[in-house]
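We name chains A, B, ... by the order of the sequence lines, and we start the count at 1 in each one.
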2 protein chains.
Amino acid sequence: MYHSQFPIFLLLVVVGGGQAQTSVWTYTCLNEKHCQRVAVADLPGGGGVPLDVCKLNCNKAHGSLFPLPTGQVTLGPNTTPFYPGYVTLSGYDAYPIAVRELFRAAAGIFTGHLNKMRPPGGENPIYWNRVDIRATASDNSTSMLTLGTDESYTLALTVSADGKTVTADISAVTFFGARHGLETLSQLIAYDEDLDVLQIVNTANIVDKPVYLYRGLGLDTSRNFFSLDSIKKVIDGLSYNKMNIFHWLISNSQSFPMEVAGRPQFTAYGAYSKNKIYSLANMREIVAYAKPRGVKIVPEFNGPSHAGFGWEWGPSAGMGNLVVCLNADPWYDYCLEPPCGQLNIVNNYVYELLGEIYTSMLGIFDNDLFHMGGDEVHMNCYNTTKEITDWMAENGTSTDMDGFVSLLGSFTSKAHDKLVAASSNKDITGILWTSELTHREYISQYLDPTKYAIQIWTETFHADTPAMINDGYRVIFSNYDALYLDCGLSAWVGTGHTWCSPYKEWQLIYDHSPHFIYANATNSTAADEALADGRLLGGEAVLWVEQADDQAYESRLWPRGAALGERLWSDPMTGWADAEHRMVTNRGRMVARGIRADQMQPEYCSMYQNKCYGPPPPGK
Amino acid sequence: MYHSQFPIFLLLVVVGGGQAQTSVWTYTCLNEKHCQRVAVADLPGGGGVPLDVCKLNCNKAHGSLFPLPTGQVTLGPNTTPFYPGYVTLSGYDAYPIAVRELFRAAAGIFTGHLNKMRPPGGENPIYWNRVDIRATASDNSTSMLTLGTDESYTLALTVSADGKTVTADISAVTFFGARHGLETLSQLIAYDEDLDVLQIVNTANIVDKPVYLYRGLGLDTSRNFFSLDSIKKVIDGLSYNKMNIFHWLISNSQSFPMEVAGRPQFTAYGAYSKNKIYSLANMREIVAYAKPRGVKIVPEFNGPSHAGFGWEWGPSAGMGNLVVCLNADPWYDYCLEPPCGQLNIVNNYVYELLGEIYTSMLGIFDNDLFHMGGDEVHMNCYNTTKEITDWMAENGTSTDMDGFVSLLGSFTSKAHDKLVAASSNKDITGILWTSELTHREYISQYLDPTKYAIQIWTETFHADTPAMINDGYRVIFSNYDALYLDCGLSAWVGTGHTWCSPYKEWQLIYDHSPHFIYANATNSTAADEALADGRLLGGEAVLWVEQADDQAYESRLWPRGAALGERLWSDPMTGWADAEHRMVTNRGRMVARGIRADQMQPEYCSMYQNKCYGPPPPGK
């Protein structure tokens, strides 16, 4: 580790106790593994660097890259100092406009990060080195991110013979791969507080691609409302961790904040207030914000449960209610949390409106992947609603589990037809939460695996999981006992803690490998196959927001979301302990970029990186 | 609930569907208890008001006041609309300057809150009512807040016969009581979003004083650094909840961020960086910020344990180390969390420096109450340090628990002598954490109850607690199993959760009554006596910050800290369930004033205030 581009006398003056270095401490790399604080006085010949610079390439296996690249990583020993204003980005100027604009936006984001690391101005003429970045995509024909998109990239860093120019070559198949390459490049740059300059690792070779296709976070914006700025920050965080899915659970029984084209009644009745609405323009803005950040929005419109306020205005004439059990008392007899509400699945007008909702949403979001919800339908709600039970009696539907599941199957099938019609894409995949309908004894009877993917929220080792993968379903792991980010806090109905306590610690999340979970129930060959053919789609951590809003959601999402990000991008054989310091560094990067991620440990643990291990303390 | 000061035709126009009211919903008061959303169409004659206005005086017993007043509360049924610019504050202009300036500062804070509720400008000439506030203190001779300060106040609100002037009369013994009265008054005012005006309850009588003298929050600023702005926000939060103590745990073994007059070495060696130092001026600024907010700073300088970095520079010549076991390996053999470090209690120079530290601190902080720490001294550290064991052998001190405690007793006594000398106040109280020294078998032998108060971090029903209260010690309850705000998150050494898991839910904190705990071990008469004579000083929730920093501390502190605030101010016979809606309203007020308090429940639960109760849901 050495600054290569300034005279040695300056090094001595600066690091040896000159004006810019007022601390008695500096950092060195121990055993090509850990950075450690040392007294400047103990390094009479110099050689110490600021901690963030030390971490760039002290550990030769991965530096402070996060998530871990899955291919070759070679990091040179030297860094080159530079100012953000001496960076150029090129390579994509001749691409079709849609892709070119994505590259331009990503370049702007990249330089924005550099400017946050060191604001412009006050440059020292000693450092006039250039960083020339060339980013290319061999397929520049599409600007849509799908689960089939190639997200691989390679990154090569070289320094010119005169030491004055660092060249970064990012080669990818698609823009989305190239964007990840820029993210990796940004992690090979750190602020040198001693010299007030940026430092970039000046020789490197990295080959990288993700293990899982679906690497997501889910955010519920119905129990409490989130501003557009908050949603954008979630997307920012995803992009920093090479996560590619923002699952937006827009609406629920508590509120209906989503504008539906031509149906102002939904928000007039269902929004918490007129300031708590996502207009069509707002949602388009989110989609446009996410794309250059490599993030796809998967919107969810849940049904037939999780529907309540917003539906109480209709219908226009004598067709029965649109929702039943709305805000029923006592709630626990008719739903799993207040307020209750389920779509009236025997009212055909409901399906018409559902078609309008889908059409409105698919005018904004991608038309290949759509979350249909489907969880937590309450049998007793339907079985105590006369117009439903009348219909069931007429149609010979039993009021037991078989009958209930047939109702769900029928609803899902009709809803999927509406979805296909709305999407103009017969191959649109509807994602469903696990439910009674996805139980082993029912799933194949009702759900075609080419039409549906399953998001698993049941416990990690539930027997339905390997069964559905064996049956050919594509699955997304969101097991509540590992990936629910709301668990462990104060109860909000009743006393004690929330139902899914305890808090899901980052170590548990980090070690939550879909491949391991499926291999554990079958064998590793079967798991390899399921990964290769896309049945193991990936995973998603979910923040339910009964107890979160704009004020305090970032510390729930981060850095725990990043732990899942590395698991899904890299799926390393190593566990959380090997990731700890990079998790901390990565958290620091996120904070520097404006995300209020939670602190993981005392700053001391970064000063002495091999000291904070051992058994848990026996007392306070 | 009714707007009293505008023509009835306007009411109909506005609430009945006019321009200002675009929602289909409004609120009414049910059974003088709960506010509930109703359709505007269901109130053809008007009468609905915005939720925040409804909550002001719907519940006649307490409105949305938080904490609950302990004396009489009478709230009238009407509100008067006004603009912040039509508020005057008077009554204190002739007071001595120190007290007058506190009143002026408090008045500025009060009007600042009103301006945050409704920014100036755009006023409608229909609402020209005045709010005249008179705030007085019968003893205006002192500006120092002590545990003996009378914090009582009365608040009377009346409206003139013409309805155009609301008068608020706040009478107190001291400024600190009057300040609480202003806080209460601010809770009788809400923003009326329909009319874009503030509404004030225009007749009320409130008599109030706190049950406990010491109502605090503790924040550690050593494991991770907190900015001055963050500390000020903590003080803001305390003031909103009529809590009067900010226990500032400034330094620890991880870092020494506190400037010591004349000893720059402490921060040069001990601060995490030159930007992470509390200068003498910074600390004075915090004291000055806290005082008009009714908050006393209780600084802690912990010893002989919890000392490490910052002490490694000395001594100047051959007097042995200042700290022993510094950063020792493996840490768990020498301390309870890394890095280890304890003061070298046989080095007299340590006591000299301790005297300098106390003198420096007491030049800034009040000289009546000082936290000396004293917890978690590790016997094995001293028993494996040759200069300590040599001294013990020479002085006939055994290496067993008796000898260890005698070392602690000797250190504490010498340190207290230094404290008295530094404070110029022989009556200064040193607060000590519970430790081996405070065990039943040792406490009376070493600690004079007139010199020391005990902060109890041991478990709630530890037998030492009633024993020390019986023996005459003043105690502060900070039981880790109820009042530690850092519990329940990811472990930072090792796997799983932090040692004091689970998370301490607000309901548990709310119900944590020192009086109840002591009465449970004795009887309620004994507890009444201990409260009356000041042995039950109060309580403090503590945020240890191994896993918190500026980014995410507010959601740990609030609203849980407020739950303790009401417990200590009011100590109601009722439990958390009766406080839930006021907790939520109070949280909303804190957010409106800029504190990022955690969300407690879906916004829905405020729309239908009697609906979110019942058993915990059986599934997600």
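- In this structure, the portion of B:Gln507 lying under 4.5 Å from any heavy atom of chain A is its side chain and not its backbone.
- With a 4.5 angstrom heavy-atom cutoff, A:Tyr269 touches chain B via backbone and side-chain atoms both.
- The nearest pair of heavy atoms linking A:Gln551 to B:Ile595 is OE1-O, 4.1 Å.
- The pair A:Glu603-B:Lys276 counts as a salt bridge, with a side-chain nitrogen and a carboxylate oxygen less than 4.0 angstrom apart.
- B:Ala597 touches chain A through its backbone: at least one of N, CA, C or O sits under 4.5 Å from a heavy atom, while the side chain does not.
- Taking chain A as the reference chain and counting heavy-atom pairs below 4.5 Å, the highest number among B:Pro330, B:Ser555, B:Ala491, B:Cys500 is found for B:Ala491.
- The pair B:Lys274-A:Glu193 does not count as a salt bridge, with every side-chain nitrogen at least 4.0 angstrom from each carboxylate oxygen.
- Comparing A:Tyr503, A:Trp506, A:Tyr553 by heavy-atom pairs within less than 4.5 Å of chain B, the highest count is held by A:Tyr503.
- Below 30°, between 30° and 60°, or above 60°: for A:Tyr604 and B:Phe309 the angle between ring planes is between 30° and 60°, a tilted geometry.
- A salt bridge between B:Asp549 and A:Arg596 is absent, with no side-chain N of the basic residue lying under 4.0 Å from a carboxylate O of the acidic one.
- With sequence neighbours excluded, no residue forms a side chain to side chain donor-acceptor pair (under 3.5 Å) with A:Asn380.
- For the atom pair B:Ser490 OG and A:Leu508 CG, the distance stands at 9.0 Å (nearest 0.5 Å).
- Contact annotation: the side chain of B:Gln547 never approaches that of A:Asp598 to less than 4.5 Å [non-hydrogen atoms, C-beta and beyond].
- Not one N or O on the side chain of A:Asn224 forms a donor-acceptor pair closer than 3.5 Å with the backbone of B:Gln599.
- The contact between B:Tyr608 and chain A is made entirely by side chain atoms (from C-beta outward), counting heavy-atom distances below 4.5 Å.
- Of the atoms belonging to B:Pro339, heavy atoms from both backbone and side chain fall under 4.5 Å from chain A.
- Residues A:Pro602 and B:Tyr272 are in side-chain contact: their nearest non-hydrogen atoms beyond the backbone lie under 4.5 Å apart.
- Both the backbone and the side chain of B:Leu489 come within contact range of chain A, with heavy atoms under 4.5 Å apart.
- For the set B:Gln254, B:Met607, B:Met600, the entry with the most heavy-atom pairs within less than 4.5 Å of chain A is B:Met600.
- At least one side-chain heavy atom of B:Pro338 sits under 4.5 Å from a side-chain heavy atom of A:Cys612.
- Applying the salt bridge (Lys or Arg N to Asp or Glu O under 4.0 Å) test to pairs two or more places apart or on separate chains, none has a residue in residues 482-506 of chain A.
- Most heavy-atom pairs under 4.5 Å with chain B: of the set A:Gly496, A:Ser222, A:Cys605, this distinction falls to A:Gly496.
- With a 4.5 Å cut-off on non-hydrogen atoms, B:Ala548 touches chain A through its backbone but not through its side chain.
- In this structure, the portion of B:Glu312 lying under 4.5 Å from any heavy atom of chain A is its side chain and not its backbone.
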